[in-house]
Each structure stands twice: as structure tokens, then as C-alpha cells.
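The next block holds one structure in the form of C-alpha cells; read it before the comments.
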There are 2 protein chains.
Amino acid sequence: MVKVRKSKVDPPCNGECPLSDCMRLIAGAWAPHVIWYLREGPRRFSELKGDIRAVTAKVLAERLRQLEADGVVHRQVMQTSPPTVEYSLTELGAELTPAIAAIVSVSERLKRQRGRLGA
Amino acid sequence: MVKVRKSKVDPPCNGECPLSDCMRLIAGAWAPHVIWYLREGPRRFSELKGDIRAVTAKVLAERLRQLEADGVVHRQVMQTSPPTVEYSLTELGAELTPAIAAIVSVSERLKRQRGRLGA
DNA sequence: CAGCATCCCTCATGATACTG
DNA sequence: CAGTATCATGAGGGATGCTG
């Protein structure tokens, strides 16, 4: 499911392609959003779902699992009366935020300067 | 690989989602690579194809066109005996490079520190 | 609340071949 | 060289419904 097979081809960058490697971490719809919304602290499943309105529970769960498997997010089950689950960024996940922040920063700058992205 | 497919759904963040907007710019396989390999200067079509071994001419052309449409790259037809085409980053494209560099940086750090991505 | 199971379906990607 | 045209593919995503 998290398989990205089909790699009969040689690695794009001979022997080393950090770009592809890291892009894989934030690949998949909404993955960047999850990281983004977790940057300020832990969030519960439904909170994230509320943050990212357009995502479905299925995809959100999938993404969360993939990110967890990749060591990007940590999953903490809270033994409360109605069991809740809190997700938070791991150290690895935290390292990703600057990259995402850079992307957001570019976009915001573009919006202000040229209104390009809206077109 | 590097699948960051664009979503057809409405922007998740009501009225403002810089993340989605910018992700769209670098969406599509190999788009980040193109930007990356153009960061040091103009490259011709076949040069890019050589840089990014695993990409097919079709996809590379598609990506270049999309990036051109987005104002990320500039296309310059050189009127030489065998007509060549040079691609270069626009100002907008140049703004994207720090973001990509951030991603690469994270990945390299991870590789050194934990060897996580290889697993 | 926090998921998982299913079905379906788009569409970007890849392979191959052809052209100016 | 620098593409374009076609065809095929299948993984990822969406919708809906069910469970502990």
C-alpha cells in the first residue's frame, strides 16, 4: 500500500537522490498538511480532520499510518472514557517543518507579489 | 516515485491554503528535479533528460510545459543549426529553490543521522 | 471517537513509435 | 535535437457504510 514499486529504472541521480527520498516522506495527498497542522502541537484524529476539511477519514488514516511508519509522526492512544488518539510530530517530523515552511513562505510571497497562484 | 498528485478538491483551508497552492507548483513527478537541476543555470532538453535519467521525454516535456505555464521556468528556443531549446528558472522558479533545498537538506541529514530513508 | 472495509474511478505516469 | 501522439496501467484518492 505504501509501495512505490515500478522502479525497474535506475535511480534518477546516480546512487544518491535525497530529493526523491524526502519527497517520498511528504508524498501522498494531505501529508504536508498533516505535518503542517501538527507543527504547533499534538492533535487528535478528528481535530486534524477538522483542520483539513477536505480529507476523508480513510485517507487521513492512511496518511497518518504512512507517516507513522516513516517515523514522522507519533501516535499516542489516550485511555480516556471515549478513547482518543493524539498525533504529534516526532523529531524527524519536526525536521520536516522547515522545508514545508519554506514552501508556504514561497507561496505567500508569490501571492502578495504577483497573485500568480490564483490564476 | 515522488508522487504528489494534485487534488481536485477544494482548498482545505477555507479561502487560504498556501501549502496547497505551492505544492501544486512542484506537483507531478520530476517537477522538483527539474527545478533542482536548473538551479545552477540553463539546461537544454536533452541535458535535463540526461540529468534525470529515469524520466521519459514525454513526461519531461509535460512537466516543462506545466512549469512554464506556471511561470516557473522559461523556455528559450535557440536558433542554431540543429535547433536547441534552453530552459531556465524564472524569478519565480528561483524562489522555489530554497524550499527544495530545504527538503534535500532534511533528507541528507536524515540519511546521515538515522539511515531511516533507506529502510 | 477513531478507525477499517469496499467499490469505483480518475489521471498522471510509463512505454513505444513517429515527426519537424 | 526536441518534441508529439497513442495506448495501457494501476496506485492513489474519494464515497459510503460499519465497528469497537
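Per chain, numbering begins at 1; letters A, B, ... match sequence-line order. Predicted model, so just to flag it, every value in this text is computed and none were measured.
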(message) Pick the closest DNA chain C nucleotide for A57(A) and for R63(B) by heavy atoms, then say which residue is nearer the 5' end.
(response) A57(A)

(request) Assign K58(B) to base, sugar-phosphate, or nothing according to its heavy-atom contacts below 4.0 angstrom with the strands shown. (result) base

(message) Taking any heavy-atom pair under 4.0 Å as a contact, classify P83(B): base, sugar-phosphate, or nothing.
(response) sugar-phosphate

(request) Between dG14(D), dG3(C), dC1(C), spot the one nearest the side chain of W30(A), thanks. (result) dG14(D)

(request) Report the distance from atom CD of E86(B) to atom P of dC1(D), rounded to the nearest whole Å. (result) 15 Å

(request) Would you name the heavy atoms of D21(B) and S107(A) that are closest together and state the gap between them? (result) CB-OG, 3.6 Å

(request) Report the nucleotide, chosen from dA15(D), dG3(D), dA2(C), that has the shortest atom-to-atom distance to any side-chain atom of F45(B). (result) dG3(D)

(request) Output the single nucleotide from dT13(C), dG3(D), dA2(C) whose closest atom is nearest the side chain of V59(B). (result) dT13(C)

(message) Taking the basic N atoms (NZ, or NE/NH1/NH2) and the acidic carboxylate oxygens, is any pair closer than 4.0 Å for E95(A) and R109(B)?
(response) yes

(request) Locate the shortest heavy-atom distance separating A102(B) from A99(A); write the atom from each residue and the value. (result) CB-CA, 3.6 Å

(request) Grab the NZ-C1' distance between K49(B) and dG3(D) for me, whole Å please. (result) 11 Å

(request) Taking only the side-chain heavy atoms of Y87(B) (C-beta and beyond), determine which of dG3(D), dA15(C), dC1(D) contains the nearest atom. (result) dG3(D)

(request) Let me know the distance between CZ of R43(B) and C1' of dG3(D), rounded to the nearest Å. (result) 18 Å

(request) Name the closest nucleotide to the R44(A) side chain, picking from dC1(C), dA15(C), dA2(D). (result) dC1(C)

(message) What is the separation between atom CD on Q66(A) and atom P on dA11(D), rounded to the nearest whole Å?
(response) 15 Å

(request) Please state how far atom CZ in R75(A) lies from atom C1' in dC1(C), giving the value in whole angstrom units. (result) 12 Å

(message) Applying the side-chain contact (heavy atoms from CB on, under 4.5 Å) criterion to W30(A), which one of V55(A), L64(A), L60(A) satisfies it?
(response) V55(A)

(request) Can you tell me the distance, in whole Å, between the CG atom of L60(B) and the P atom of dA12(C)? (result) 17 Å

(request) Starting at atom CD of E62(B), determine the distance to atom P of dT13(C), rounded to an integer number of angstrom. (result) 7 Å

(message) If I compare all heavy atoms of L25(B) with all of L67(B), which pair ends up nearest, and what's the gap?
(response) O-CD2, 3.5 Å

(message) Just N and O in the side chain of T84(A): are any of them under 4.0 Å from OP1 or OP2 of dC1(C)?
(response) no

(message) Can you identify which nucleotide, out of dA2(D), dA15(D), dG14(C), has its nearest atom closest to the T56(B) side chain?
(response) dG14(C)

(request) Whole angstrom is fine here: how far is it from CG in L64(A) over to C1' in dG12(D)? (result) 17 Å

